[in-house]
**Q** 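If you scroll down you'll find the structure; I have some questions about it.
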Amino acid sequence: MPTLLIVGPGGIGRAIAREHAARGWRLTLIGRCAEKLAAAAAECGGATTLVADPTDVDALPACAPMLREQHPDGFHAVVCSVGSVLLQPAARITAAAWRAVLAANLDAAFASLRLAVELMPQGGSVLLFSSGAARLGLPNHDAIAAAKAGIEGLVRAAAATYARRNLRINAIAPGLTDTPLAASLLASPAARKASENYHALGRIGDPAQIARVAATLLDPANDGITGTIVAVDGGLGQCRT
C-alpha cells in the first residue's frame, strides 16, 4: 500500500487526501493546527497527523526521524500544498507582507522538498504547487507571481539534481480555484463572474479535478514525468468576450 505525506492540507491538499484515500493510499498530514489536521484526517477516513510549521526550512526536515518511526515501510510521495494569496502592487507591499508570501509559498516548498529527500532515499515523487500567475503578467500579482516562479525554478533544478536517485519532482499550476483561500476573491456574484470570465473555459477551478491530476503525477506507474509544470488553469488569461 503506497504512503503519501501531505504538507499543508488546505482546500486543494484535502482534495488530494480524499482522492488518494479512495485509491487505497495511506496518508500522513502535516500542518500548524491540530484541529484542522484532525478534520482533514476524518474526511479521508483516518490519517496519521503531525503538528509542525511547514514554512520552517530547518524544522520541517527535522521531522523525518519521527515520520520514519510512524511509517517504517517508508513513503512513496510527498505533496506540499501550502500557499497564500496577496493581490497588491509592489509599491504597497510591506517588507513583512513580502516575507510572509515567500514563507507561505517558496519556503514551504523548499522545506517540503528537503523533507522528501530525507524520507525517500530510494526515490519517489514530490509534488509542489505553482500558479498561473507565475507565467502570466497579471496586475497586482507581483509578490505571489515572484514566489510561485521561484517554485517553478526549484522544480526544474531539483528534478535534475535528484534524477539519479529516482526522485521525481513536478508541480501543478492552477488558475483561481474554489477553495477557502480564494473565498475573499469570490465573495460576490459579480466578483465570481468577473473571475470566471478571465478563464477561457468560463469557470473557476475545482479542487477535485486538481486532485485527479495530482494522482496521475504521483502514480508510480508514471515514472517518466519529472521537472514538469502542469497547468490546470481553465485557460487563465485567455479572457472570454
Side-chain angles (χ1 to χ4, degrees), residues 5-17 29-37 39-40 49-63 78-116 126-158 169 171-187 191 195 198 204-205 207 210 229 232-233 236:
L5 171 65
I6 300 178
V7 181
I12 291 175
R14 289 168 83 147
I16 292 173
L29 311 177
I30 292 182
R32 289 194 186 97
C33 177
E35 291 77 11
K36 290 182 179 179
L37 289 174
T49 63
L50 178 63
V51 176
D53 183 356
T55 70
D56 191 321
V57 298
D58 287 327
L60 187 67
C63 295
V78 173
V79 171
C80 176
S81 59
V82 181
S84 67
V85 174
L86 176 65
L87 302 185
Q88 286 185 342
R92 293 182 55 192
I93 297 173
T94 65
W98 167 253
R99 287 192 294 269
V101 169
L102 290 182
N105 293 277
L106 188 53
D107 287 1
F110 184 70
S112 297
L113 173 63
R114 291 188 63 195
L115 176 59
V126 179
L127 180 63
L128 306 178
F129 276 85
S130 178
S131 165
R135 63 180 174 81
L136 296 170
L138 299 178
N140 299 320
H141 284 66
D142 305 23
I144 191 64
K148 293 299 192 182
I151 290 174
E152 294 195 4
L154 176 63
V155 165
R156 296 185 180 101
I169 300 151
I172 291 175
L176 185 60
T177 305
D178 201 350
T179 67
L181 189 64
S184 63
L185 305 177
L186 304 171
S195 296
Y198 210 71
I204 302 303
I210 293 173
I229 315 297
V232 187
D233 61 10
L236 178 66

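Here the structure is a predicted model, which is why all the values come from computation and not from measurement. Below, all heavy atoms of this structure are taken into account, side chains as well, without hydrogens, waters or symmetry copies.
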**Q** Quick one: does V85's side chain get under 4.5 Å of I144's, heavy atoms only?
**A** no
**Q** So, taking the atom named CD1 in I169 and the one named CG in L127, what distance separates them when rounded to the nearest 0.5 Å?
**A** 11.0 Å
**Q** If every non-hydrogen atom of G150 is compared with every non-hydrogen atom of L106, which pair is closest and at what distance?
**A** C-CD1, 3.7 Å
**Q** State, yes or no, whether a side-chain contact exists between V101 and I93 at a heavy-atom distance under 4.5 Å.
**A** no
**Q** Rounded to the nearest 0.5 Å, what separation is found between the CG atom of L136 and the OG atom of S131?
**A** 8.5 Å
**Q** Would you name the heavy atoms of P207 and A15 that are closest together and state the gap between them?
**A** O-CB, 3.6 Å
**Q** Name the residue from V78, V51, I6, L50 that meets the side-chain contact (heavy atoms from CB on, under 4.5 Å) definition with I30.
**A** L50
**Q** Using 0.5 Å steps for rounding, measure from the CD1 atom of I210 to the CD1 atom of I12.
**A** 4.0 Å
**Q** Heavy atoms only: give me the nearest P54-G31 pair and the separation to one decimal.
**A** CG-CA, 4.3 Å
**Q** Show the nearest heavy-atom pair for residues A134 and A149, with the distance to one decimal.
**A** CB-N, 3.7 Å
**Q** For C80 and A108, which heavy atoms make the closest approach, and how far apart are they?
**A** SG-O, 3.6 Å
**Q** Name all pairs fulfilling the salt bridge (charged side-chain N to carboxylate O under 4.0 Å, His left out) condition that reach into residues 101-114, sequence neighbours left out, sorted by first residue then second.
**A** D58-R114
**Q** How far apart are the closest heavy atoms of C63 and L115, and which atoms are they?
**A** C-CD1, 4.4 Å
**Q** For residues 138-154, which residue pairs pass the salt bridge (charged side-chain N to carboxylate O under 4.0 Å, His left out) check, not counting sequence neighbours?
**A** E152-R156
**Q** Can you name the side chain to side chain donor-acceptor pair (under 3.5 Å) partners of D53, sequence neighbours left out?
**A** R32, T55
**Q** Show me the pairs that pass side chain to side chain donor-acceptor pair (under 3.5 Å) and involve residues 82-100, at least two apart or across chains.
**A** S84-N105
**Q** Would you confirm whether T49, through its side chain, and L29, through its main-chain N or O, come within 3.5 Å as a donor-acceptor pair?
**A** no
**Q** Less than 4.5 Å apart, any side-chain heavy atom of P174 and any of D233?
**A** no
